[in-house]
Participant: 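Following this message is one structure expressed as structure tokens.
Sequence lines set the chain letters: A, B, ... in the order given, protein chains first and strands last, and positions in each chain run from 1. Just so you know, these numbers use all the heavy atoms, side chains as well, and skip hydrogens, waters and symmetry mates. Everything quoted here is computed from the prediction, not taken from an experiment.
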Number of protein chains: 2
Amino acid sequence: MKIILIDDHQLFLDGLGLILDSIEGVELLEKYTSPEQAIRLIEVLKPDVVFSDLDMPKLTGKQVAEHIKRVHPEIKVVILSMHVDPTIIKGLLDIGVDGYLLKTDDIEDFEHAVKLLSKDKKAFSPAVTDLLNSGKTNSIGAGTSFGNEHDLSMLSNREKEVLTAVAQGLSTKALSDKLCISPGTAETHRKNIMRKLDANNVADLVRIAVKAGLV
Amino acid sequence: MKIILIDDHQLFLDGLGLILDSIEGVELLEKYTSPEQAIRLIEVLKPDVVFSDLDMPKLTGKQVAEHIKRVHPEIKVVILSMHVDPTIIKGLLDIGVDGYLLKTDDIEDFEHAVKLLSKDKKAFSPAVTDLLNSGKTNSIGAGTSFGNEHDLSMLSNREKEVLTAVAQGLSTKALSDKLCISPGTAETHRKNIMRKLDANNVADLVRIAVKAGLV
DNA sequence: CTAAAAATACCTGAAAACCGGTAGTGAAAT
DNA sequence: ATTTCACTACCGGTTTTCAGGTATTTTTAG
């Protein structure tokens, strides 16, 4: 199995290269910190599989996957990522990627993934497999998501007002006075907002509000 | 030189382990995906140098460095990071870290860093060295940090850690686990912080923390 | 017009935050 | 040497949040 690697972090790339070299039946053709260069040379190298990082400065792993799948559908693309994010994963599946591995995986997981790929099967991290099996985009319990976009579009106008007030440090009582609603209503709004934004407490709400420019 | 590694990404950890093994004069004692565990076992292992990732979920590399430098000042701490961020780097220098390497560095940079460390010199990435030389952080003794630095000067280091944790949305219990203190102590810290910053609730704390760049 | 969505309001119980203390230890400063 | 300060820890009581609801009205969209 001929492989090329793409990751903007040279150190990770070097390390992963060493790991891959130690796996039976793997031939590491080339490593790239530049997605553009990798794409340019893919014609020449004719790899079986491309492992690409997701978060990269100029060209994201998703864009790399899209390009490769459009031009060379026969080449398998596996995305390496730090985050278990259902929406990201779904987007990648739509493109037709052949795997999604996590940087928190260990070498065994990686070897297993290589085996699956060699059998023309898709390769996902255990954690990702669990996610895909356990319903869909609903993840409230275990991991609080890191880098997801907190766009406030799903909030109603009133809810945005409430969120702003909460983020300003107003108590439910003060907030309800200010917005001329009952404290119970304020609570309801806050609950709905927290559900929609997957926030578990006031601190989460404030961070989101600040990042969204509400305060 | 006895080394331990800390990074929440198992795959990176494995790869970096292989790289370090290939470097002359390096003995890799142990690798940890859990900063807490690493800190707990540091007494036993007695490493010369700790390489730690900066961005980690439960305990940041900065907190790891703070803890190690507080408890075992003789152990060198080198931070691995993805970003060339002056404010971050300055904060780490204040703590007294012995190096700041980038994940975009290559193996040669890494070997060079190890050499410097063995000579009791500080080890920085070329890109970071450039930044440090190009002005900026020369004002070391003075507390006048560049940027706005919202008034957190009255807080002790520990209190800043607590504030950061609170702003990240951790409950008192979770926070106390993370910082290895009792919930009561965490409460005390939070109280003192709120008094010092004239904050009345978590929302106020989060806003201040975000504006101060703690999160 | 009607159905859906949004906004309003309330209830309950467990958990957590909040606020007032007190108090020991160890390190640093005067 | 004594004081000061940071850090640690605990107590007791009050308030608030948080997570389940339920339910009515108003507004919006098809």
Side-chain angles (χ1 to χ4, degrees), chain A residues 138-142 144 152-209, chain B residues 36 39-40 59 63 66-74 94-96 143 152-209:
Chain A
N138 201 355
S139 65
I140 296 182
T144 44
L152 305 177
S153 56
M154 69 258 286
L155 298 185
S156 67
N157 287 334
R158 197 54 163 173
E159 285 169 339
K160 279 180 203 164
E161 290 183 60
V162 173
L163 175 57
T164 304
V166 169
Q168 282 167 351
L170 276 58
S171 69
T172 299
K173 181 67 178 60
L175 182 165
S176 61
D177 286 348
K178 182 178 169 182
L179 299 183
C180 300
I181 55 179
S182 90
T185 305
E187 285 263 337
T188 301
H189 281 309
R190 188 164 45 70
K191 267 188 297 190
N192 291 334
I193 295 167
M194 287 198 291
R195 184 174 34 76
K196 286 184 180 179
L197 298 180
D198 193 25
N200 295 313
N201 47 47
V202 180
D204 288 342
L205 289 180
V206 178
R207 254 186 304 111
I208 293 169
Chain B
E36 295 97 323
I39 285 177
R40 227 177 301 125
L59 217 61
Q63 292 169 322
E66 270 175 337
H67 179 271
I68 292 178
K69 282 299 176 184
R70 191 171 60 239
V71 183
H72 305 283
E74 77 282 1
D94 287 344
I95 294 173
L152 264 49
S153 52
M154 68 264 285
L155 297 186
S156 69
N157 287 335
R158 197 55 163 171
E159 285 169 340
K160 280 180 203 164
E161 290 182 56
V162 173
L163 175 56
T164 304
V166 169
Q168 281 166 352
L170 299 179
S171 68
T172 298
K173 179 66 177 62
L175 182 164
S176 62
D177 286 347
K178 175 172 161 178
L179 298 184
C180 302
I181 56 179
S182 89
T185 304
E187 285 259 349
T188 301
H189 281 309
R190 190 163 44 71
K191 266 188 297 189
N192 291 334
I193 296 167
M194 286 198 290
R195 184 174 36 75
K196 286 183 181 180
L197 297 180
D198 193 26
N200 294 313
N201 47 46
V202 182
D204 288 341
L205 290 180
V206 178
R207 255 186 303 111
I208 293 170

Participant: Exactly one of A:Val162, A:Val166, A:Thr188, A:Ile208 should register a side-chain contact (heavy atoms from CB on, under 4.5 Å) with A:Ile193. Which one does?
Facilitator: A:Val162
Participant: Which one, C:dA17, C:dC19, C:dT8, comes nearest to the side chain of B:Ser171?
Facilitator: C:dA17
Participant: Return the value, rounded to whole Å, for the distance between atom CG of A:Asp204 and atom P of D:dT17.
Facilitator: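 The distance from CG of A:Asp204 to P of D:dT17 comes to 15 Å, rounded to the nearest Å.
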Participant: Can you measure A:Asn192 atom CG to C:dT8 atom C1' for me and round it to whole angstrom units?
Facilitator: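 About 11 Å, once rounded to whole Å.
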Participant: What nucleotide among C:dC18, D:dA19, C:dT8 has an atom nearest to a side-chain atom of B:Val202?
Facilitator: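 Nearest listed nucleotide: C:dC18.
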Participant: Can you tell me if B:Thr188 touches the phosphate of D:dA9, counting only side-chain N or O atoms and a distance under 4.0 Å to OP1 or OP2?
Facilitator: no
Participant: Kindly point out which of D:dA9, C:dC19, C:dA9 is positioned nearest to the side chain of B:Glu187?
Facilitator: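 Among the listed nucleotides, the one closest to the side chain of B:Glu187 is C:dC19.
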Participant: In whole angstrom, what separates B:Leu175's CG from C:dA16's C1'?
Facilitator: 13 Å
Participant: Just how far, in rounded Å, is C1' of C:dA16 from CE of A:Met194?
Facilitator: 12 Å
Participant: Whole-Å distance between D:dT25 C1' and A:His189 NE2?
Facilitator: 13 Å
Participant: Which part of the nucleic acid, if any, lies within reach of A:Asn157 when heavy atoms closer than 4.0 Å are counted: base, sugar-phosphate only, or nothing?
Facilitator: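 The answer is sugar-phosphate, as A:Asn157 gets under 4.0 Å only of primed atoms, P, OP1 or OP2.
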Participant: Take atom CD1 of A:Ile193 and atom P of C:dA5, then tell me their distance rounded to the nearest Å.
Facilitator: 18 Å
Participant: Strictly distance-based, threshold 3.5 Å: is any side-chain N or O of B:Lys178 a donor or acceptor partner for the main-chain N or O of B:Ala165?
Facilitator: no
Participant: In whole angstrom, what separates B:Leu155's CG from D:dA6's C1'?
Facilitator: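 Computing the B:Leu155:CG to D:dA6:C1' distance gives 12 Å.
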Participant: Nearest-Å distance, CG (A:Leu205) to P (D:dA19)?
Facilitator: 10 Å
Participant: For a quick test of reading the model, state the closest non-hydrogen atom pair linking A:Pro183 to A:Thr172 and the distance between them.
Facilitator: O-CG2, 3.5 Å
Participant: Heavy-atom nearest nucleotide on DNA chain D for A:Leu170 versus A:Lys191: which residue maps closer to 5'?
Facilitator: A:Leu170
Participant: It should be established whether A:Ser182 places a side-chain nitrogen or oxygen under 4.0 Å from OP1 or OP2 of nucleotide C:dC10.
Facilitator: yes
Participant: What contact category does B:Asn201 fall into here, base, sugar-phosphate, or nothing, at under 4.0 angstrom with non-hydrogen atoms?
Facilitator: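 Sugar-phosphate, backbone atoms only, no base.
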Participant: Determine, step by step, whether A:Ile181 and A:Arg158 satisfy the side-chain contact (heavy atoms from CB on, under 4.5 Å) criterion, reporting the C-alpha distance in whole Å, the side-chain angles of both residues, the deciding distance to 0.1 Å, and the verdict.
Facilitator: CA-CA 11 Å; A:Ile181 55 179; A:Arg158 197 54 163 173; 3.4 Å; yes
Participant: Students often get this wrong, so: under 4.0 angstrom with heavy atoms, is B:Thr185 touching a base, only sugar-phosphate, or nothing?
Facilitator: base
Participant: Closest heavy-atom contact between A:Arg207 and B:Gln168?
Facilitator: NH2-O, 3.0 Å
